Engineer: 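This is the structure, below, for whatever I ask next.
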Amino acid sequence: MPSCKGGNSLVSAQTSGDTLHLDHARYLTLEDHGAFTTATISNPWDTTRILHTYILVPDSTELPAALPEGTVVRVPLKNALVYSTVHQSLIGELGAMDAIGGICDLQYIHNPELLQRISDGKVTDCGNSNTPNIERIIQLSPDAVILSPYENSGTYGKLGQMGIPLIECADYMESTPLGRAEWMKFYGILFGRTDKANEMFGSIENEYNRLKALTDTVTSRPKVLIDRLYGNSWYVPTSNSTTGAYLHDAGAVNPFADKGKAGSVALAGEQVLHEAGDADIWLIRYAQDSDKTLRELSADHPLYGQFKAFKLKKVYGCNTDRVNYYEEMPFHPHWMLRDLIMICHPELETGVEAPRYFSLLTP
């Protein structure tokens, strides 16, 4: 029996296949059924439920007569609408840039090749990801839309009514760096780059584990403070977050590790100062034309100058307007870990001379 859930879906008796081994991803399951592959995504906000199941069928073969329930996606994708720069960047690295037919949030794209393709009219700008231009999407007629789901995302309004497969990329909800990065195996299948994705992840996993092992015997672990106030809230990482995992693996102490099961917790600035005012190192991410200075930071809020790391001039910043942090880091966790180890344990030999993303704020 055919159904219309999330695009071209078919419903039939469930079939079992060979599970493709994933070591780190918690919310993704891949099964090889020979004629097709199933990708099952667990609901990160309610793990007793399935967020989505995709039936990935090679477009070089006939559609099998009987398929399990799910959204049928013909692979490899050749004309995808890709919302986020994170996935746009990964698809390019996998060698499938030509398969990106449309993008959203042009202002956040830094990739020169993709920008040139947009300028040449080979890639359609479909507007803001929160309110995409439906007319342009209709004209593009993509074979799939690559987007990130949120809790209670619903049916995506008009977009969800167009019959286009919506690939809900819940990778950002993984609680470990390698867990998120391992999703590249799914994207490799979607874009016909399975071998490339497997090879790339294997190399990243080996390097991440090599770096992590460097901190196994460190005798002192600095306390590290992350980010700053956004409005009236300071979102701090718990142990159940990728940032918390990074700090642990880098041989650092997360002052908010025990703040609950959520990935991050919103605290008042005064509470952060009370609990982490003695942090040895402070890492901030920001976006502006010029690199932020300590003077600027102290002017941003009167609390900032009271932190020990500020007084000791141990504040490191990542200017995301000038480095490709958000595009690269999610699927290259070894680069982020290396930065943290170099900052927290400069005595350890990581193999490079300077951090990739973070640098000391000047006075």
Side-chain angles (χ1 to χ4, degrees), residues 85 107-108 110 177 211 215 218 220-237 241-257 264 266-330 332-348 350-363:
T85 57
Q107 68 272 27
Y108 299 121
H110 296 99
L211 290 166
T215 68
V218 295
S220 64
R221 292 175 173 258
K223 183 182 289 189
V224 178
L225 177 65
I226 299 290
D227 285 334
R228 53 198 171 124
L229 282 164
Y230 291 94
N232 295 322
S233 297
W234 194 317
Y235 293 90
V236 301
S241 67
T242 53
T243 301
Y246 274 125
L247 292 176
H248 175 272
D249 294 348
V253 172
N254 175 10
F256 304 102
S264 64
L267 300 178
E270 290 77 10
Q271 185 174 354
V272 174
L273 179 62
H274 174 71
E275 298 188 28
D278 62 343
D280 305 288
I281 294 167
W282 184 5
L283 304 176
I284 65 170
R285 292 167 291 189
Y286 62 93
Q288 59 186 52
D289 291 338
S290 59
D291 288 344
K292 186 177 285 293
T293 64
L294 289 171
R295 182 188 297 270
E296 281 184 74
L297 183 62
S298 64
D300 288 343
H301 198 282
L303 280 178
Y304 295 161
Q306 301 179 49
F307 284 90
K308 171 185 172 182
F310 182 94
K311 296 174 182 178
L312 296 179
K313 298 182 175 59
K314 297 289 286 183
V315 184
Y316 293 79
C318 173
N319 188 349
T320 59
D321 256 8
R322 306 184 71 174
V323 298
N324 295 336
Y325 175 84
Y326 289 114
E327 295 94 326
E328 294 180 349
M329 184 273 296
H332 294 86
H334 58 307
W335 290 344
M336 178 63 172
L337 180 62
R338 188 172 62 196
D339 268 26
L340 291 176
I341 291 175
M342 295 181 75
I343 291 168
C344 296
H345 295 283
E347 74 279 5
L348 298 178
T350 62
V352 297
E353 294 183 0
R356 185 182 187 92
Y357 303 118
F358 288 89
S359 58
L360 271 174
L361 265 61
T362 59

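The figures here come from the full heavy-atom set of this structure, side chains too, leaving out hydrogens, waters and symmetry mates. Every value quoted in this text rests on a predicted model; they were computed, and no experiment measured them. Positions are given from 1, in the same order as the sequence printed here.
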Engineer: Going from CG on Asn324 to CE on Met329, what distance comes out if it is rounded to the nearest 0.5 angstrom?
Structural biologist: 12.5 Å
Engineer: Which atom pairs, one a donor and one an acceptor, fall under 3.5 Å between side chains of residues 311-321 and the rest of the protein, sequence neighbours left out?
Structural biologist:
unit_1	atom_1	unit_2	atom_2	d
Asn319	OD1	Gln288	N	3.2
Asn319	OD1	Asp321	N	3.1
Asn319	ND2	Gln288	O	2.9
Asn319	ND2	Asp291	OD1	3.2
Thr320	OG1	Tyr286	O	3.1

Engineer: Val323 vs Glu328, test: side-chain contact (heavy atoms from CB on, under 4.5 Å). Steps then yes/no.
Structural biologist: CA-CA 9 Å; Val323 298; Glu328 294 180 349; over 6 Å; no
Engineer: Once rounded to the nearest 0.5 Å, what's the spacing between atom CG of Leu273 and atom CG of Leu225?
Structural biologist: 9.5 Å
Engineer: Just how far is it from atom CG of Leu340 to atom CZ of Phe358, taken to the nearest 0.5 Å?
Structural biologist: 6.5 Å
Engineer: State whether the side chain of Asp339 and the backbone N or O of Arg356 hold a donor-acceptor pair below 3.5 Å, judged by distance alone.
Structural biologist: yes
Engineer: Please report the closest heavy-atom contact between Thr215 and Arg221, naming both atoms and the distance.
Structural biologist: O-NH2, 3.7 Å
Engineer: Taking all heavy atoms of Tyr235 and all of Ala266, pick out the closest pair and write down the distance.
Structural biologist: CE2-CB, 3.5 Å
Engineer: Does Gly251 offer a backbone N or O that forms a donor-acceptor pair with the side chain of His345 under 3.5 Å?
Structural biologist: yes
Engineer: Pick out which of Tyr325, Trp335, Tyr246 makes a ring pair (Phe, Tyr, Trp, His ring centres under 6.0 Å) with Tyr357.
Structural biologist: Tyr325
Engineer: For Asp300 and Tyr304, work out which heavy atoms get closest and say how close.
Structural biologist: CB-CE1, 3.8 Å
Engineer: What closest approach, in Å, do Cys344 and Val224 show between heavy atoms, and which atom pair accounts for it?
Structural biologist: SG-CG2, 3.8 Å
Engineer: Which heavy-atom pair separates Pro222 from Ser220 by the least distance, and what is that distance?
Structural biologist: CD-O, 3.9 Å
Engineer: Give a yes or no on this: more than 12 heavy atoms of other residues, nucleotides or ligands lie within 6.0 Å of atom NE2 of His110.
Structural biologist: yes
Engineer: Where the side chain of Asn254 meets the backbone of Leu247, is there a donor-acceptor pair that is under 3.5 Å apart?
Structural biologist: no
Engineer: To the nearest 0.5 Å, tell me how far Thr242 OG1 sits from Asp249 CG.
Structural biologist: 11.0 Å
Engineer: Just list the side-chain donor-acceptor pairs under 3.5 Å for residues 274-283, sequence neighbours left out, or say none.
Structural biologist:
unit_1	atom_1	unit_2	atom_2	d
Glu275	OE1	Lys259	NZ	3.1
Glu275	OE2	Lys259	NZ	3.1
Glu275	OE2	Gln271	NE2	2.9
Asp278	OD1	Lys223	NZ	3.0
Asp278	OD2	Lys223	NZ	3.3
Asp280	OD1	Lys308	NZ	3.0
Asp280	OD2	Lys223	N	2.8
Trp282	NE1	Asp227	O	2.7

Engineer: Just jot down the ring pair (Phe, Tyr, Trp, His ring centres under 6.0 Å) partners of His334, sequence neighbours excluded, or say none.
Structural biologist: His332
Engineer: Got a donor-acceptor contact below 3.5 angstrom from the Trp234 side chain to the Ile226 backbone?
Structural biologist: yes
Engineer: Using only atom types and a distance under 3.5 Å, with no angle test, would you say the side chain of Thr85 pairs donor to acceptor with the backbone of Glu327?
Structural biologist: no
Engineer: Rounded to the nearest 0.5 Å, what's the gap from CG on Leu297 to CZ on Arg228? Could you check?
Structural biologist: 7.0 Å
Engineer: From Met336 CE over to Thr243 OG1, what is the distance, rounded to the nearest 0.5 angstrom?
Structural biologist: 6.5 Å
Engineer: Would you say Tyr326 has more than 12 foreign heavy atoms packed within less than 6.0 Å of its OH?
Structural biologist: yes
Engineer: Taking it one step at a time, do Leu348 and Val218 satisfy side-chain contact (heavy atoms from CB on, under 4.5 Å)?
Structural biologist: CA-CA 9 Å; Leu348 298 178; Val218 295; 4.1 Å; yes
Engineer: Considering residues, nucleotides and ligands other than Glu353, do more than 12 of their heavy atoms fall under 6.0 Å from its CD?
Structural biologist: no
Engineer: Testing the basics here: between Lys292 and Leu361, what is the closest heavy-atom pair and its distance to 0.1 Å?
Structural biologist: O-CG, 3.3 Å
